[in-house]
Novice: 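So that we are looking at the same thing, I have put the structure below in structure tokens.
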Amino acid sequence: MAKTGSKKRARPRHWLVKSEPGAFSWQDLCDSPERTTCWDGIRNYQARNFIRDEIAAGDLMLFYHSVAKPTGVAGVAEVVREAYPDPTQFDPAAKYHDPGSDPDDPRWLMFDLRAVEELPSFVTLQDLKANPKLGEMLVVQRGQRLSIQPVKAAEWREVLRMGGLQGSMAR
DNA sequence: GCCAACGTTGGC
DNA sequence: GCCAACGTTGGC
């Protein structure tokens, strides 16, 4: 596993995380102690590899509501603790229990996420799809199910602009 | 509720 | 290693 400090790319990087608001919404994040939660339950290898290899403390994330009316980006969150083992994989009672994961070499990782700022105006998926500058953004691609997606710097700026957020975070 | 797209599993 | 079957995601 990558150790802290081994993630050498320029910081901060930008991401998009999906959550079904019926299970955990942007408001739920804001209402959490310290406006922070652990992002557990990731059981997809590509997303796991992002957590393990690329997501670092200080990275910023668009908090996206999937399976919602409407779907779209609700706010900006910050990674406040990077990759550590997701304990639910070892809990037989947990939905995300994975009996195949070795406690000495955990298969699944999580991180901690803190709400930073709500977008003054919610940016819907429809809005994103309608913006030609975002034509290559992963979340607008058909069939894109990855629950943690990298976001390019230009896309990040554009989404924040659309949501009415200017300033330092929009760099 | 429908169904397209995708990821995983398991037989061979 | 192939690929059909299955389960899940997620927009509509």
Side-chain angles (χ1 to χ4, degrees), chain A residues 1-2 13-32 37-55 59-77 79 82-113 115 118-152 154-156 158-165:
Chain A
M1 175 163 31
R13 292 196 67 195
H14 302 108
W15 306 90
L16 177 147
V17 285
K18 294 179 186 173
S19 187
E20 299 189 15
F24 192 83
S25 68
W26 168 256
Q27 192 58 51
D28 290 332
L29 181 61
C30 292
D31 291 342
S32 299
T37 193
C38 58
W39 208 253
D40 62 9
I42 297 294
R43 296 294 182 271
N44 168 282
Y45 284 102
Q46 196 174 351
R48 189 281 310 272
N49 292 346
F50 282 142
I51 298 172
R52 184 189 62 195
D53 302 333
E54 307 205 41
I55 293 172
D59 283 3
L60 297 170
M61 298 186 161
L62 299 172
F63 194 104
Y64 178 88
H65 283 173
S66 62
V67 192
K69 293 179 181 178
T71 57
V73 179
V76 172
V79 176
E82 57 193 53
Y84 63 108
D86 178 347
T88 65
Q89 69 196 299
F90 304 120
D91 177 0
K95 178 180 178 185
Y96 296 110
H97 180 229
D98 181 358
S101 182
D102 176 0
D104 292 327
D105 185 18
R107 180 176 293 168
W108 305 112
L109 302 170
M110 62 183 190
F111 56 94
D112 289 354
L113 191 61
E118 185 166 316
L119 293 191
S121 69
F122 187 91
V123 179
T124 67
L125 177 60
Q126 191 176 14
D127 297 332
L128 297 174
K129 286 182 170 176
N131 187 332
K133 293 180 182 174
L134 302 178
E136 293 185 6
M137 194 173 178
L138 290 177
V139 74
V140 308
Q141 309 303 322
R142 180 180 178 80
Q144 177 54 265
R145 307 192 317 181
L146 194 56
S147 62
I148 302 178
Q149 304 176 354
V151 172
K152 294 173 184 168
E155 295 167 344
W156 175 267
E158 184 65 8
V159 174
L160 263 55
R161 187 194 64 75
M162 293 168 74
L165 260 194

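What you are looking at is a predicted structure, and each value in this text was computed from that prediction instead of being measured. Values reported hereafter were calculated over all heavy atoms of this structure, with side chains retained and with hydrogens, waters and symmetry mates removed. Numbers restart at 1 for each chain; the letters A, B, ... are given by sequence-line order, proteins then strands.
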Novice: Give a yes-or-no answer on whether the side chains of A:D91 and A:T88 include a donor-acceptor pair shorter than 3.5 Å.
Specialist: no
Novice: Write down the distance between CD (A:Q141) and P (C:dC12), rounded to a whole number of angstrom.
Specialist: 13 Å
Novice: Hey, does A:K18 have a side-chain heavy atom less than 4.5 Å from the side chain of A:T71?
Specialist: no
Novice: Does any residue of residues 124-133 of chain A have a heavy atom under 4.0 Å from DNA chain C, and if so, which ones, in number order?
Specialist: A:L125, A:K129
Novice: Is any side-chain N or O of A:K18 closer than 4.0 Å to OP1 or OP2 of C:dG10?
Specialist: yes
Novice: CG of A:D112 to CD of A:E82: how many Å apart, nearest 0.5 Å?
Specialist: 11.0 Å
Novice: Test A:F111 against every option in A:D40, A:D86, A:I51 by the side-chain contact (heavy atoms from CB on, under 4.5 Å) rule and name the one that passes.
Specialist: A:I51
Novice: For a quick check, with a 4.0 angstrom heavy-atom cut-off, what is the B/S/- contact string for nucleotides 1-8 of chain B, read 5' to 3'?
Specialist: ---SBBSS
Novice: Apply salt bridge (charged side-chain N to carboxylate O under 4.0 Å, His left out) to A:D98 and list each qualifying residue two or more places apart in sequence or on a separate chain.
Specialist: A:R107
Novice: Quick check: A:W108 with A:Y96 (ring centres under 6.0 Å apart)?
Specialist: no
Novice: Side chains of A:L134 and A:M162: does their closest heavy-atom pair fall under 4.5 Å?
Specialist: yes
Novice: Would you call A:V159 and A:L128 a side-chain contact if the rule is heavy atoms closer than 4.5 Å?
Specialist: yes
